[in-house]
Protein chains: 2
Amino acid sequence: MNITIKDIAELAGVAKSTVSRYLNGGNVSEKTKEKIRKVIAETNYEPNSFAQSLKAKKTNFIGVIAPTLDSYVTSTVLMAIDEELRKRDYTTLIISTSKHVEREIESLISLSRQKVDGIILIATGVTEKHIETINSIQIPVLIVAQEVDQCNCIINDDYQAGYKMGQYIVGKGHLSVAYIGVTESDIAVGQRRKQGILDGLAEAGVSDIKTYISEFDLHDAAKVTNDMLENFTPTAIICATDTIAFGAMKTISKLGKKVPDDFSLTGFGGYNISEVIHPALTTIRFKNEATGVMAAETIIKMTEGYGVPELQVSGFEFVEGESVKSLKS
Amino acid sequence: MNITIKDIAELAGVAKSTVSRYLNGGNVSEKTKEKIRKVIAETNYEPNSFAQSLKAKKTNFIGVIAPTLDSYVTSTVLMAIDEELRKRDYTTLIISTSKHVEREIESLISLSRQKVDGIILIATGVTEKHIETINSIQIPVLIVAQEVDQCNCIINDDYQAGYKMGQYIVGKGHLSVAYIGVTESDIAVGQRRKQGILDGLAEAGVSDIKTYISEFDLHDAAKVTNDMLENFTPTAIICATDTIAFGAMKTISKLGKKVPDDFSLTGFGGYNISEVIHPALTTIRFKNEATGVMAAETIIKMTEGYGVPELQVSGFEFVEGESVKSLKS
DNA sequence: CGTTGAATTGGAACCGGTTCCTAAAATGTT
DNA sequence: AACATTTTAGGAACCGGTTCCAATTCAACG
């Protein structure tokens, strides 16, 4: 049904090895080249890349496992990875796990069956089981967004980013601060980012800090904020992500209060939507594109057997919006 | 280097055909089953799915070509497609073209080499060349978001959605309306949606309608809005997408005006971010998840040779926010 | 205990390419 | 024209699976 190299060979009256040589730029005389060229054009023949990689022992596939596609951060990183990999003649195989952790394991295994040359895992949390699976499949794995011992990782500089934000809030004269974070099972955001913020605040002597925990979604963040404000009235609310900040903002305006007049508010992430929202959110923008490019470069090096540093850190920039009020006179 | 079925066979002391039968649930005695099970467990053997599909003439891959990953609509549709395909044991191969149209053609060809079983093309515009390529590769292609003669398509009900919006605006008493649309080369959004809106407005006798054209991005929309307001002061601005509406909103607040007091504003799309923004945007929410599921179901039917309707229409719902003022007393 | 039929197993061919090796053809050299 | 050298072409084996077919084993039955 489908056209194969054998058909081309027969139609052109040559051996399939000759066709193969023609396709891969080997020694073929002009006369036979012409014959083959003609037949291929007529038949719309496309070589079966599965059969090719079977022999080549190299698929030029890189698998990327992402927790979701509909988050700004993930999709930006994915786009950058895809772009960079394409430039280098790799095909990106994106798998979304819809935030089901067990699917990350399944996906690692299923990608290993596809014999991808390498895997980039955009992680939210890495368990024992992950590490076990990573070790059992014989394929290089690069972890993005979480730090794991003995594994190659690319992470954001969460501690420094948090520290910077803490210092900024202190600098604006806030002494009573709430932090809405996420579960500590998330090392990067839940632990490092938080620690940076706390240290940044603490260094200048801010003591009245209360911390809360929210899910990553807007609605839960709104609820957590609401619960918090019943018992505690800070001057500034630092949120672990922009989405959480949006949730907080929603609750604040529902209560008839205003940002930044009643509460100063900050996030982390740097969604481009932030600039539309009024007031523009003060936040930290992580360099997601750079992370993606770095991830693509790194995984290729790994598949080629070159050594790469175990831990690489991607940068960020501070984005000053209008959501923080200065309490200094 | 990598473990193959041959290795398993030798280690277990059986023929490779027996191992294959074991893996695919054929007739194998308990005793041999046990031997093979043990060897596979020890070696972490994973069958090479390339070699499998080579013989099976079926890869269980479905390719999806998307213009970008970082748009709410695209990623929602993608997630739904992926989810549904996984349920049915297909692997989704997502390719992003970063809005380069020529890459859509390239991707069609490259997917045909991967011998995917079917292709879903999330399109922004379909040219002659597209159709030529679609016909030349021997693989079922389903087009999402654009309508093309002789091709299987799933589209939003843009005309009806536009009509509904037009009627709504008229119903609120607006007589002087601006429409910020997009290029007519986009049949769905640029032509159908616009026509629906114009018809919806015209039916009630609104005559003072001016139309403008913007790119799909926020910044251009802001600029277009700005230029428009120098010459024309409508009471309502209907935007072809939510993003364009956000751009318009940005300009409006920059000019010190307010929505909906000075201008009523509407969009199309139904981003979840819309509810955060104050005032909440009145918009049309297309059922993107349903579209994704429908796309997945349809492409599978197509690969299995079942007939499917050439054109399928996905639904929408009207979302009333706070961005439209009633001019009726 | 020999026969029969079903269950189990091994061997070989095949899927669609690539590559190695050798034979034939083309070209150059004296 | 005879020989050496380089190009070009074909045949066969291989990549890692699946599947068909024939051979063997096994249990049941008369």
Side-chain angles (χ1 to χ4, degrees), chain A residues 1-37 39-40 43-61 109-117 137-139, chain B residues 1-37 39-40 43-61 91 110-117 137-139:
Chain A
M1 187 216 81
N2 236 316
I3 297 149
T4 73
I5 200 172
K6 198 179 143 209
D7 301 326
I8 302 295
E10 281 171 5
L11 288 170
V14 298
K16 46 179 210 161
S17 50
T18 306
V19 178
S20 176
R21 236 176 292 120
Y22 166 81
L23 290 169
N24 298 295
N27 284 341
V28 183
S29 71
E30 274 310 323
K31 221 166 47 187
T32 27
K33 264 186 192 165
E34 190 45 44
K35 281 192 291 187
I36 298 175
R37 187 178 303 139
V39 175
I40 289 185
T43 51
N44 284 316
Y45 166 70
E46 291 289 347
N48 182 329
S49 47
F50 280 17
Q52 292 179 313
S53 30
L54 185 56
K55 180 85 193 206
K57 302 243 188 198
K58 186 154 185 352
T59 57
N60 273 36
F61 271 113
I109 293 174
S110 109
L111 285 174
S112 89
R113 292 174 162 246
Q114 318 283 7
K115 304 294 172 196
V116 297
D117 295 338
I137 63 180
Q138 301 282 11
I139 298 172
Chain B
M1 184 217 86
N2 236 317
I3 297 148
T4 72
I5 200 171
K6 197 178 142 207
D7 301 326
I8 302 296
E10 281 169 5
L11 288 171
V14 298
K16 30 178 226 163
S17 49
T18 307
V19 179
S20 175
R21 236 176 290 120
Y22 165 82
L23 290 168
N24 298 293
N27 284 341
V28 183
S29 71
E30 273 310 322
K31 220 166 48 186
T32 27
K33 264 187 192 165
E34 189 46 44
K35 280 192 293 187
I36 298 175
R37 187 178 303 139
V39 175
I40 289 185
T43 51
N44 284 315
Y45 166 70
E46 291 289 347
N48 182 329
S49 46
F50 279 16
Q52 292 179 312
S53 29
L54 185 56
K55 178 85 192 204
K57 301 242 187 200
K58 186 154 184 352
T59 57
N60 273 36
F61 269 107
T91 299
S110 109
L111 285 174
S112 89
R113 294 175 159 244
Q114 317 284 8
K115 303 294 171 197
V116 297
D117 295 338
I137 63 180
Q138 301 282 9
I139 299 173

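Computed from heavy atoms alone, side chains included, the values below leave out hydrogens, waters and symmetry copies. Values in this document were obtained by computation on a predicted structure and should not be read as measured data.
- Look at B:E34 and B:R37 and you find a salt bridge, because one of the NZ, NE, NH1 or NH2 atoms lies within 4.0 Å of a carboxylate O, short of that distance.
- Between A:K33 and D:dT8, a side-chain N or O to OP1/OP2 separation shorter than 4.0 Å is absent.
- Both A:L54 and A:G13 sit near DNA chain D, but only A:G13 has its closest nucleotide nearer the 5' end.
- Between C:dT9 and B:K16, no contact under 4.0 Å exists linking OP1 or OP2 to a side-chain N or O.
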Chi angles and distances behind the side-chain contact (heavy atoms from CB on, under 4.5 Å) call for A:L23, A:I40: CA-CA 10 Å; A:L23 290 169; A:I40 289 185; 3.9 Å; yes
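- Counting all heavy atoms, side chain and backbone alike, B:V116 lies closest to B:T59 at CA-OG1, 3.7 Å.
- We find that NZ of B:K31 is positioned 10 Å from C1' of D:dT25, with the value rounded to whole Å.
- Backbone-only engagement by A:Y45 is indicated by non-hydrogen atom pairs under 4.0 Å involving sugar-phosphate atoms exclusively.
- Heavy atoms of A:T32 sit under 4.0 angstrom from primed sugar atoms or phosphate atoms, though from no base atom.
- Considering only side-chain N and O atoms, B:S17 lies nowhere under 4.0 angstrom from the phosphate OP1 or OP2 of C:dG10.
- Closest to the side chain of B:V14, out of C:dT19, C:dG10, D:dG17, is C:dG10.
- Residue B:N2 contributes atom CG, which lies 12 Å from atom C1' of D:dC15 at whole-angstrom precision.
- Annotation for B:T43 and B:I3: closest pair O-CD1, 3.0 Å, computed over non-hydrogen atoms.
- Each of A:T4 and B:T18 has a nearest nucleotide on DNA chain C; the 5'-most of these lies closest to B:T18.
- For the pair B:N27 and A:A56, both in contact range of DNA chain C, the more 5′-proximal nearest nucleotide belongs to B:N27.
- Residue-level contact check: A:S29 touches the backbone only, with heavy atoms under 4.0 Å from sugar-phosphate atoms and none from bases.
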